[in-house]
Each structure stands twice: as structure tokens, then as C-alpha cells.
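Below is one structure, written out as C-alpha cells, with a few remarks after it.
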Amino acid sequence: MTLDGLPVLSRVPTASATQMAAADRIASADLGIPLEVLMENAAHQIAVATRLFAGGVSGMRIAALCGSGNNGGDALAALRHLAGWGADVEALMSAPREKLRPLAALQHDILTKLGVPMRFTTGMKHDELATALAGPAILLDGLLGYGARGAPRGEVARVIETVVSSARIGTVVAVDLPSGIDPDTGESASGTPASVIAASMTVTLALPKTGLPRERARRYVGELVVADIGIPPRAYDGMGIDAHGVFAEGDLVRIIP
């Protein structure tokens, strides 16, 4: 697995979860960039980074662990691109269709029309879930986004614990941040490493969340790549964050603290 060829930065501005939520809101509500566009941009970048990291995805089995929110929607949409590039893909959903947020539901429905297998973890016993997780060469982690608060709960917590306890998981690519991590501190949100999915690569969106570049987060984050999803630097101006020039050398940038 390699990220050769990506521009490298050692210093990059970061955004807290609150700041990132505000930037998303400014980009969509004030500047008029539809959230659907931001999600599509994010999905494409996640897929491109995954293809680069894997050295190609044709014929490769890739599964996405998807939560009910927009993080899950990003992972679902990334699967569509990866399938178009020849990967054998499936989605593992932690919530039923009726509990998905609108953009995630939209991506779910598109994949269903394309014939992508959609499996729901709530109907799987531990051993069945562990077997499903062990098959793919790459696992996209789209369970939780930066808006999650506190320790993982319910079905998401069960899925995370199954991933962490399995010795046969393939390469994990985290969507925006590893599920179970506190975006602001870089530590486990529950206080225990058993509640965080450790990634080989994290593709963080727009700007790194504050905790991700920290030394304490490295065992969870793996390689850290920040992806341009089309949020203008102006969206951060009122927060004292200067995001100008972050993507001057490319729309995927490797961060080496």
C-alpha cells in the first residue's frame, strides 16, 4: 500500500467538530453549494485515495461499513465509484433503510438500483458478522462522522467491537475519521482502544479534524490524507482558520506531522 506521488504537507490548518459543522453550513446555506455536491466530491476523493493506496482496485473485494448519517452516505457513494472501476463491492449497513438520513438513503437507493449487495448487520450474529468482515481486501469505515458525540452505542458499538476483535480484517480506510475516535482530541471517545476502528489510512474531508494529526491518534489514523471536497476557504474566514493554499499542489494531500 502506498501514497507515492501525493503532495506532502507537515503543517496544515485543522478544524474542530464545531468549526467543521459551521463550515459545512456556510458552504451549503450561505454560499449555495448543495450538500449533494459536497457528498459526491467527498465520495470521489475517497475512492481515488483508496485506488491509489491499493495500487488499483479491479477485481478487488471492497466492503463499506455504513452508519445512518452522511458519513455512511459518503462511504456508499464511494462504493459506486469503486464498482465502476472494477471492484467487487458490497455495503454492510448498521441501520435499516428507513432510519437513514436523506442523503445516505439516496445513496443506498442508487446502489440498490445498480445491484450492489446491501446487507444489514442487525440481522447477523457475531460469528456471521465476523465472517462478513473478514472477506473483503479493503473495508471502508463509514460508521461515524465528526458529529458523533460520546462513546459508540447500540449496533454501531457492536460492529466496531467485532471489527476490533477480529484478526482477519483487511486494510481499513477510514472515511473522514476512524469510527469511535474523538475528532477534537484524537483519543478514544469511550476511553478504551477497543472502541475505535484502527485504520491503515484515513481520508479526512475538507480539513483535518483537530485531533487527527496528533501523536496520540496515530495508532488509529494510520496514513493521513486530506481531500478537497469543494468547501471554499472563505467558509472558514470567520473562524480564524486560513485554509488558502492547502490544495495548491493537488486535491489529495498527505499529512506528515
- Query: Please walk me through it: do L65 and V163 pass side-chain contact (heavy atoms from CB on, under 4.5 Å)?
  - Reply: CA-CA 10 Å; L65 282 173; V163 173; 3.8 Å; yes
- Item | Full working for side-chain contact (heavy atoms from CB on, under 4.5 Å) between H126 and T131 | CA-CA 9 Å; H126 176 84; T131 299; over 6 Å; no
- Decide yes or no on side-chain contact (heavy atoms from CB on, under 4.5 Å) for L143 and V159, but give the supporting numbers first. CA-CA 9 Å; L143 285 172; V159 173; 3.9 Å; yes
- Message: One pair to check against side-chain contact (heavy atoms from CB on, under 4.5 Å): L35 and L103. What are the steps and the verdict?
- Response: CA-CA 8 Å; L35 290 176; L103 290 182; 3.8 Å; yes
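The shortest distance between side-chain heavy atoms of T14 and L207 does not fall below 4.5 Å. Contact check for Y236 versus D242: no side-chain heavy atoms found under the 4.5 Å cut-off. Contact of the I256 side chain with the S10 side chain is not registered, since no non-hydrogen atoms from C-beta on lie closer than 4.5 Å. No side-chain heavy atom of L106 sits under 4.5 Å from any side-chain heavy atom of M39. Side-chain contact between P178 and L212: present, with at least one pair of heavy atoms (C-beta onward) separated by less than 4.5 Å. With a 4.5 Å cut-off on side-chain heavy atoms, D24 and Y146 count as touching. At least one side-chain heavy atom of L79 sits under 4.5 Å from a side-chain heavy atom of L111. Side-chain atoms of L6 and V253, non-hydrogen and from C-beta on, never get closer than 4.5 Å to each other.
Nearest approach of G123 to E128, heavy atoms of both residues: O-OE1, 4.0 Å. The minimum heavy-atom distance between P152 and V156, with the atom names listed, is CB-CG1, 4.4 Å. Between L177 and P183, the closest heavy-atom pair is CD1-CB, 3.7 Å. Of all heavy-atom pairs spanning V246 and A243, the tightest one is CG2-O, 3.3 Å. Residues M118 and L76 approach most closely at CE-CD2, 3.8 Å, considering heavy atoms. The shortest heavy-atom contact between L82 and A47 is CD2-O, 3.8 Å.
Counting only distance, with no hydrogens or angles, the side chain of S165 and the backbone of T162 share a donor-acceptor pair below 3.5 Å. In terms of modelled atom types and a separation under 3.5 Å, the side chain of Q45 and the main chain of D251 share a donor-acceptor contact. For the pair R168 (side chain) and L133 (backbone), a donor-acceptor distance under 3.5 Å is absent. A distance-only check finds a donor-acceptor pair linking the side chain of T210 to the backbone of S16 [under 3.5 Å]. Judged purely by atom type and a 3.5 angstrom limit, N70 has no side-chain atom pairing as donor or acceptor with the backbone of G73. In this structure, S179 contributes its side chain and L144 its backbone to a donor-acceptor pair below 3.5 Å.
Ring pair H81/H44 is perpendicular by interplanar angle, where above 60° counts as perpendicular and below 30° as parallel.
Annotation: the span from R153 atom CZ to I160 atom CD1 amounts to 10.5 Å, rounded to 0.5 Å. Atom CZ of R254 and atom CD of E223 lie 4.0 Å apart (nearest 0.5 Å). To the nearest 0.5 angstrom, R234 atom CZ is 8.0 Å from D237 atom CG. Of the inter-residue distances, the one linking L140 atom CG with C66 atom SG reads 7.5 Å to the nearest 0.5 angstrom. In this structure, the separation between CE on M93 and CD on E155 is 11.5 Å, given to the nearest 0.5 Å. Distance check: M124 CE to R119 CZ gives 3.5 Å after rounding to the nearest 0.5 Å.
At a threshold of 4.5 Å between side-chain heavy atoms, the hydrophobic network of Ile, Leu, Val, Met, Phe, Trp and Tyr places F53 and L139 in two separate groups. At a threshold of 4.5 Å between side-chain heavy atoms, the hydrophobic network of Ile, Leu, Val, Met, Phe, Trp and Tyr places M239 and L31 in one connected group. Residues V57 and V172 fall into different hydrophobic clusters, defined by Ile, Leu, Val, Met, Phe, Trp and Tyr side chains chained together at heavy-atom separations under 4.5 Å. The hydrophobic cluster containing L224 also contains I229, counting ILVMFWY residues as joined when their side-chain heavy atoms lie under 4.5 angstrom apart, directly or transitively. In the hydrophobic cluster analysis, where Ile, Leu, Val, Met, Phe, Trp and Tyr join through side-chain heavy atoms closer than 4.5 angstrom, L114 is grouped together with V89.
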Identify every side-chain donor-acceptor pair in residues 192-205 under 3.5 Å, counting partners at least two apart or on other chains, and give the distances.
residue, atom, partner, partner atom, Å
T192, OG1, A194, N, 3.3
S195, OG, S190, OG, 3.1
T202, OG1, V221, O, 2.9
T204, OG1, D176, O, 3.0
T204, OG1, D176, OD1, 3.1
T204, OG1, K209, NZ, 3.2

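By the 4.0 Å N-to-carboxylate-O rule, R218 lies close enough to E215 to be salt-bridged with it.
A 6.0 Å sphere centred on CZ of R149 holds more than 12 heavy atoms belonging to other residues, nucleotides or ligands.
Annotation: side chain to side chain donor-acceptor pair (under 3.5 Å) contacts involving residues 83-106, sequence neighbours excluded, comprise R97-D109.
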